[in-house]
K.L.:
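Before I ask anything, let me first share the structure, which is written out below as structure tokens.
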Amino acid sequence: NAGVMQNPRHLVRRRGQEARLRCSPMKGHSHVYWYRQLPEEGLKFMVYLQKENIIDESGMPKERFSAEFPKEGPSILRIQQVVRGDSAAYFCASSRDSFYEQYFGPGTRLTVT
Amino acid sequence: AQSVTQLDSHVSVSEGTPVLLRCNYSSSYSPSLFWYVQHPNKGLQLLLKYTSAATLVKGINGFEAEFKKSETSFHLTKPSAHMSDAAEYFCVVRLFTGGGNKLTFGTGTQLKVEL
């Protein structure tokens with residue numbers, strides 16, 4: 001039973017480019033969460049999605065960031081026009097429903113040069 | 001609002017000695033609390049969880065934590081540290097909101113284990 005999968009594991013982008021981070025939840029899980037970990041900090045909640053719906057995006061920056069979880073395929077976190085401050089580890093977690101614990105993927109480490 | 005405070009950013013112990021990582025929580029109602037561990041450049045692994053059942057919770061790798069409502073604490077302990085325990089540990093509180101749940105992380109405690 002594969003765990004939460006994220007790809008790519010490492011992503012390098014130049015300032016102004018777009019970054020697309022993918023997350024495939026565990027089998028049977030339909031709830032996906034995205035968190036960001038800045039250097040030397042804990043994880044901060046960004047967004048919570050169910051299939052085709054954004055449930056809570058209170059942690060998402062107002063501009064340049066978007067997330068989706070389509071009916072088919074992985075969840076995507078998209079960052080447009082990246083800046084150096086976007087350099088961080090982005091973790092995805094999934095759960096079976098809203099009351100079960102979250103299982104984390106290995107993260108995508110984004111470096112903006 | 002719910003939050004957790006990890007009282008030590010760094011803890012150093014000798015191999016074979018006890019480990020104590022401290023966490024205090026703030027919550028307006030009975031919280032769900034977790035400890036996660038993160039090894040360098042790896043993802044997060046759930047060590048243990050408290051969800052209003054037994055106050056002493058046993059986790060993986062010999063770790064345990066005790067929920068103390070009177071002290072609003074959820075400290076993580078292990079009787080004897082091993083070199084492989086060196087990692088970053090996060091105390092986490094779960095907030096139920098909008099039909100779902102999101103996790104609020106503490107700032108982390110870096111555990112160093114010396115020979």
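Each chain gets a letter, A, B and so on, in the order its sequence line appears, and its residues count up from 1.
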K.L.:
For B:K102 and A:F45, what are the C-alpha separation, side-chain angles and deciding distance, and is it a side-chain contact (heavy atoms from CB on, under 4.5 Å)?
P.N.:
CA-CA 7 Å; B:K102 63 184 180 185; A:F45 169 80; 3.5 Å; yes
K.L.:
Nearest 0.5 Å please: distance from the OH atom of B:Y36 over to the CZ atom of A:F91.
P.N.:
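Atom-to-atom, B:Y36:OH and A:F91:CZ are 12.0 Å apart.
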K.L.:
Side chain, backbone, both or neither: which part of A:Q6 has a heavy atom under 4.5 Å from chain B?
P.N.:
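Neither part.
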K.L.:
For side-chain contact (heavy atoms from CB on, under 4.5 Å), just list the numbers for A:L43 and B:V92, CA-CA rounded to whole Å, side-chain angles, deciding distance to a tenth of an Å, and then say yes or no.
P.N.:
CA-CA 10 Å; A:L43 280 74; B:V92 180; over 6 Å; no
K.L.:
What part of B:L46 gets closer than 4.5 Å to chain A, counting heavy atoms only: side chain, backbone, both or neither?
P.N.:
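The side chain, not the backbone.
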K.L.:
Minimum heavy-atom separation for A:Q37 to B:F90, with atom names?
P.N.:
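Closest approach of A:Q37 to B:F90: NE2-CZ, 3.5 Å.
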K.L.:
If Ile, Leu, Val, Met, Phe, Trp and Tyr residues are connected whenever their side-chain heavy atoms lie under 4.5 Å apart, and connections chain through other members, are B:L21 and B:L56 in the same group?
P.N.:
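B:L21 and B:L56: separate clusters.
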K.L.:
Evaluate whether atom NZ of B:K69 has more than 12 neighbouring non-hydrogen atoms of other residues, nucleotides or ligands under 6.0 angstrom away.
P.N.:
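It does not: B:K69 NZ has 12 such atoms or fewer within range.
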K.L.:
Grouping I, L, V, M, F, W and Y whenever their side-chain heavy atoms are under 4.5 Å apart, do B:L48 and B:L111 come out in a common cluster?
P.N.:
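Same hydrophobic cluster.
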K.L.:
Around atom CD of A:Q81, are there more than 12 heavy atoms from other residues, nucleotides or ligands closer than 6.0 Å?
P.N.:
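Atom CD in A:Q81 is not crowded, with 12 or fewer foreign heavy atoms closer than 6.0 Å.
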K.L.:
Determine whether A:E101 and B:F34 satisfy the following criterion, side-chain contact (heavy atoms from CB on, under 4.5 Å), listing intermediate values before the conclusion.
P.N.:
CA-CA 9 Å; A:E101 61 260 30; B:F34 306 79; 4.1 Å; yes
K.L.:
Given that the side chain runs from C-beta out, which part of A:Y35 has a heavy atom under 4.5 Å from chain B: side chain, backbone, both or neither?
P.N.:
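Side chain only.
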K.L.:
Do B:L33 and B:V37 land in one hydrophobic cluster if side-chain heavy atoms of ILVMFWY residues count as linked below 4.5 Å?
P.N.:
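Cluster IDs for B:L33 and B:V37 match.
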K.L.:
How about OH on A:Y103, more than 12 heavy atoms from neighbouring residues, nucleotides or ligands closer than 6.0 Å, or not?
P.N.:
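No, not enclosed.
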K.L.:
Would you say A:F104 and B:Q38 make side-chain contact, with heavy atoms under 4.5 Å?
P.N.:
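The answer is no; the side chains never approach within 4.5 Å.
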K.L.:
For the CE atom on A:M60, are there more than 12 heavy atoms of other groups (residues, nucleotides or ligands in this structure) within a distance under 6.0 Å?
P.N.:
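Result for CE/A:M60: enclosed.
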